*Asks:* 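Here it is: the structure, laid out below.
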Amino acid sequence: MDPRPAANQPGPSTVAELENPIDEQHIAEPGLVVLDITGGDEDTVRAVMAALEERWATSGVGPVRRGPGEPGVRARVYADVLRPGREAP
């Protein structure tokens, strides 16, 4: 098996991406999504989660995680893109 990515698919850019692949989840209903957010710092990731919460019904601003020895932080948000968020009429 050739370990290189296909010509039109980017390969992992860091060792951390090789060791921590994105886990797949089955979403049973149309409009429901799981968003994994990665940013340089907690303030940025929290601002993104808050902006998503204004647009769509989400699980809210959740915990932010740091991987040992990895740059940046991560968070996960569950959203229903068919339902408006808290700023909608």
Side-chain angles (χ1 to χ4, degrees):
M1 183 170 160
D2 188 354
R4 293 174 295 173
N8 63 348
Q9 297 294 319
S13 60
T14 66
V15 173
E17 286 182 82
L18 287 171
E19 295 171 2
N20 299 314
I22 295 172
D23 56 325
E24 293 184 23
Q25 293 188 8
H26 177 72
I27 305 297
E29 296 179 38
L32 299 179
V33 296
V34 177
L35 303 166
D36 286 318
I37 302 165
T38 303
D41 58 69
E42 281 192 40
D43 291 338
T44 301
V45 170
R46 290 187 189 284
V48 169
M49 287 190 286
L52 291 170
E53 187 175 42
E54 290 176 7
R55 182 178 180 108
W56 299 316
T58 73
S59 57
V61 176
V64 176
R65 304 177 309 275
R66 274 190 196 279
E70 294 180 26
V73 294
R74 294 179 178 193
R76 176 170 282 175
V77 175
Y78 300 87
D80 182 343
V81 299
L82 300 178
R83 289 187 10 213
R86 59 188 174 143
E87 294 292 317

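All figures in this text were calculated on a predicted structure; none of them were measured in a lab.
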*Asks:* So which atom in Leu82 and which in Pro30 form the shortest heavy-atom distance, rounded to 0.1 Å?
*Replies:*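 Residues Leu82 and Pro30, closest heavy atoms: CD1-O, 3.4 Å.
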
*Asks:* Scan the side chains in residues 42-51 for donor-acceptor partners under 3.5 Å anywhere in the protein, sequence neighbours excluded, and list what turns up.
*Replies:*
{"residue": "Thr44", "atom": "OG1", "partner": "Asp41", "partner atom": "OD1", "Å": "2.9"}
{"residue": "Thr44", "atom": "OG1", "partner": "Asp41", "partner atom": "OD2", "Å": "3.2"}

*Asks:* Which pair of heavy atoms, one from Pro63 and one from Ala75, lies closest together, and at what distance?
*Replies:*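 Heavy atoms of Pro63 and Ala75 come nearest at O-CB, 3.7 Å.
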
*Asks:* With a 4.5 Å heavy-atom cut-off, do Arg65 and Val73 have their side chains touching?
*Replies:*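 They are not in contact (no side-chain heavy atoms under 4.5 Å apart), so the answer is no.
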
*Asks:* Find the distance between CG (Leu32) and CH2 (Trp56) and round it off to the nearest 0.5 Å.
*Replies:*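 If I round to the nearest 0.5 Å, the distance is 12.0 Å.
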
*Asks:* What distance do Thr58 atom OG1 and Leu52 atom CG have between them, rounded to the nearest 0.5 Å?
*Replies:* 7.0 Å

*Asks:* Check the pair Arg76 / Ile37 against side-chain contact (heavy atoms from CB on, under 4.5 Å), numbers first and verdict last.
*Replies:* CA-CA 6 Å; Arg76 176 170 282 175; Ile37 302 165; over 6 Å; no

*Asks:* Please examine the side chains of Val33 and Val81, heavy atoms only from C-beta on, and report whether any two atoms are closer than 4.5 Å.
*Replies:* yes

